[in-house]
Amino acid sequence: MEWKNRSAYLLLKTHPNQAEKTWKAFQNWRQAIGAWVVTGKWDIMAWVDANSWNEVYELVAALRRNHGVTATSSHWVHEGWKNAGWWWDWQAGAWVLWRDSSLNGHGKKTLQWKWAASSASIPGDWDWVTWVGGKDWGQVWSNVLEFQKAGWETETLVPVRSWWNKKWSKEWWG
């Protein structure tokens with residue numbers, strides 16, 4: 001199912017001890033689709049509704065001014081889709097940033113994987129981002145290995161705090 005709305009993914013680095021506070025701030029933003037405190041070189045990943053790069057810029061500028069954010073990486077969604085079910089229905093899940101050696105439609109392979117709750121093309125540092133779900137963490141890790149078996153380079157962001165704005169299920173798909 002393709003998305004109707006335009007959106008962007010934000011990766012954020014915060015001052016020490018600011019990640020959780022910044023993550024909570026997203027829960028009050030009408031543009032926020034979800035936000036996660038994650039492992040790795042970034043502290044937070046956020047998914048926002050945005051109609052333009054100017055809107056993304058304004059969101060990022062506000063984060064830097066008011067929420068202890070020291071660095072960002074913004075990724076506009078070129079195209080994206082969701083498989084059956086909702087992201088928050090999985091018992092466990094992680095974000096996989098990935099790239100293929102070419103951009104010739106290999107991203108559609110994730111449509112065949114029912115545990116790949118959604119995939120979005122985010123040209124930039126990475127080609128795609130996919131939410132990988134599972135009934136438990138062992139299943140999530142087995143699913144993540146499918147990306148490597150396909151020959152794709154990956155980076156997995158494990159959420160230690162998750163928040164989904166479930167109102168977006170009505171905004172996008174009624």
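Hydrophobic clustering of Ile, Leu, Val, Met, Phe, Trp and Tyr side chains at less than 4.5 Å, counting indirect connections, keeps L145 apart from W126. Criterion: ILVMFWY side-chain heavy atoms under 4.5 Å apart, direct or through other members. Under it, L11 and Y57 are not part of a common hydrophobic cluster.
Within 6.0 Å of atom CG in N17, 12 or fewer heavy atoms from other residues, nucleotides or ligands are found, so the atom counts as exposed in its surroundings.
Residues passing the side chain to side chain donor-acceptor pair (under 3.5 Å) test with T72 are R64, sequence neighbours excluded. For D136, there are no side chain to side chain donor-acceptor pair (under 3.5 Å) partners two or more places apart in sequence or in a different chain. Taking K13 as the reference, D43 meet the salt bridge (charged side-chain N to carboxylate O under 4.0 Å, His left out) condition, with sequence neighbours excluded. With sequence neighbours excluded, the residues that form a salt bridge (charged side-chain N to carboxylate O under 4.0 Å, His left out) with E20 are R161. Evaluation of the salt bridge (charged side-chain N to carboxylate O under 4.0 Å, His left out) rule for E58 yields no partner, not counting sequence neighbours.
Under the 6.0 Å cut-off for aromatic ring centres, W163 and W47 do not qualify, their centroids lying 6.0 Å or more apart.
Atoms CG and NZ, from N83 and K114 in turn, are 5.0 Å apart once rounded to the nearest 0.5 Å. For the atom pair NZ (K21) and CD1 (I44), the distance works out to 11.5 Å, reported to the nearest 0.5 Å. For the atom pair M45 CE and T39 OG1, the distance stands at 11.5 Å (nearest 0.5 Å). A distance of 13.5 Å separates NZ in K109 from CH2 in W128, rounded to the nearest 0.5 Å. With rounding to the nearest 0.5 Å, the separation of CD in Q139 from CH2 in W115 is 9.5 Å.
Pairs passing the salt bridge (charged side-chain N to carboxylate O under 4.0 Å, His left out) check and including a residue from residues 143-154, sequence neighbours excluded, read R99-E153, E146-K149.
The aromatic rings of W95 and W164 sit tilted, their planes meeting at an angle between 30° and 60°. Between F26 and W29, the two ring planes are tilted [angle within 30° to 60°].
The side-chain heavy atoms of V77 and I122, taken from C-beta on, include a pair separated by under 4.5 Å. Residues T130 and W113 form no side-chain contact, since every pair of their non-hydrogen atoms from C-beta on lies 4.5 Å or further apart.
Checked options T154, T156, D127, V129; the residue passing with W98 is T154 (criterion: side chain to side chain contact (heavy atoms under 4.5 Å, CB included)).
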